[in-house]
Amino acid sequence: MKNWEANIRKVTPYVPGEQPKRTDVIKLNTNENPYPPSPKVTEALREMPTEPMRKYPDPEARQLVEAIAREEHVHPEQVFVGVGSDDVLAMIFLTFFNSDKPILFPDITYSFYDVWADMLRIPYEQQPLNDAFEIVGSDYYKENGGVVFPNPNAPTGALLGMPTVEDILAHNPDVIVVVDEAYIDFGGTTCTGLLEKYENLIVVKTFSKSRSLAGMRIGYAIASKELIRYLNDVKYSFNSYTMNQTAIRLGTAAAEDHAYFEETRRKIIATREQAKKELAALGFSFADSQANFLFATHKSVPAEELFTALKEQGIYVRYFKKPRIDNYLRITIGTDAQMERLYTFLKEYLRKLNI
Ligand code: PMP
């Protein structure tokens, strides 16, 4: 071993879902939105001047921050933006999780949380979901250095009711509680209404799912002005210019097109509810997802086998070879036509197996 090797920050990185090079696939593996971004985004891109690109972007991304503040009915000083909610969450971990006590999050959850905690040397304890794959509020009553969970949870899709979210907040007045609402627009009610009452709450959201802009990398946090100031101090100590000019412009256009946002999220919700019926009829079971995916297990065919068979047909879903969930597939809700292809293939596959 070389002497310098002992001082390297060695980490096990997060593994994102596959982005196949083939374009003829049905891509239901990374919870992207199957519909294009708002036509207002296309228009803004077409009109985007290139001359200002010789200059640095606005470090405050004020235009985008203000558009989000209007959409969320909060003050612009309560909004922090970043390069996807991954960037926002990483900044939150760095800024607020600095205790010797462990932070708490579910055992089955967004698999980036333990990666950030390991990288930043933050101690953590994972709280097991119950057998119905639900977060148990009382698991978060113990002493801790902070709490983070997605709502709806990922990859289960299960939504925690507002009373339980508030119960967790009420039991954790001395630490920061982060609610990751990446999927909230597909069924739940945002907990931003609790911000006035709980000054230790941070709500994180993204443009990647309900605004069809995963490729632009735009996420944000909403919290008290004080917490947002702390977050910005850390961001400006790290990289002032996280948001590029294109992301600021196009993100603003997306935030301002509320009608399109409503239309596409409603379409996805309707397709998801239909998918629940179709997949249940084929022998699948799943938590009652309120997200843009279903986390499904089949009564007789192992998930890994289905995953491979689907992939061979160019239908990509996500499979996690991990304890408790290695017999589940996470299936992103696509368009109705894409979902029909999925049902047709599954029907035929199960028929051949005499199931
Ligand atoms: N939180 C959860 C629960 C997610 O599933 C994802 C998507 N991978 C993210 C945050 C991050 O999304 P993005 O960085 O695209 O905003």
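Whatever order the structure lists ligands and atoms in, that order sets their numbers, starting from 1. Residue numbers start at 1 and run along the sequence shown.
Close approach of ligand 1 to Lys209 is summarised as follows: ligand atoms under 4.0 Å from at least one heavy atom of the residue are 7 (C), 8 (N). Atoms of ligand 1 found under 4.0 Å from any heavy atom of Gly84, numbered from 1 in the order shown, are 14 (O), 16 (O). Contact atoms of ligand 1 toward Arg217: 13 (P), 14 (O), 15 (O) (distance under 4.0 Å to a heavy atom of the residue). Ligand-side atoms of ligand 1 in range of Tyr183: 3 (C), 4 (C), 5 (O), 7 (C), range being under 4.0 angstrom from any heavy atom. Residue Ala182 has at least one heavy-atom neighbour below 4.0 Å for each of these atoms of ligand 1: 1 (N), 2 (C).
For atom 12 (O) of ligand 1, the nearest non-hydrogen atom of the protein is Ser85 OG, 3.2 Å.
If you look at Asp86 next to ligand 1, the close heavy atoms, those under 4.0 Å, come from the backbone and the side chain alike. Only the side chain of Ser208 comes within contact range of ligand 1, with a heavy atom under 4.0 Å; no backbone atom does.
Within the 6.0 Å centre-distance limit, the rings of Tyr183 and Phe293 are counted as a close aromatic pair.
Compare Val204, Asp180, Asn31, Thr206 by their heavy atoms: the one nearest to atom 1 (N) of ligand 1 is in Asp180.
Not a single heavy atom of Phe112 sits less than 4.0 Å from an atom of ligand 1.
Counting only distance, with no hydrogens or angles, the side chain of Asn144 and the backbone of Lys101 share no donor-acceptor pair below 3.5 Å.
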Evaluate Thr190 against Lys205 for side-chain hydrogen bond (donor to acceptor under 3.5 Å, both in side chains), listing each step before the verdict. CA-CA 10 Å; Thr190 177; Lys205 300 197 191 186; 3.1 Å; yes

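Taking the six-membered ring where the residue is Trp, Tyr140 and Phe149 present tilted rings, their angle falling between 30° and 60°. Ring geometry, Trp116 versus Tyr110: the interplanar angle exceeds 60°, so the pair is classed perpendicular (tilted spans 30 to 60°).
Backbone and side-chain nitrogen or oxygen atoms of Tyr110 are examined, and one is located within less than 3.5 angstrom of a nitrogen or oxygen of ligand 1.
Within a 6.0 Å radius of CG in Asn3, no more than 12 heavy atoms belonging to other residues, nucleotides or ligands are found.
Screening Phe295, Tyr319, Phe320 against Tyr328 for a ring-ring contact (aromatic ring centres under 6.0 Å, His included) leaves a single residue, Phe295.
Remark: Lys209 is not positioned above the aromatic ring of Phe186, lacking an NZ or CZ atom under 6.0 angstrom from the ring centre and at most 45 degrees off the axis.
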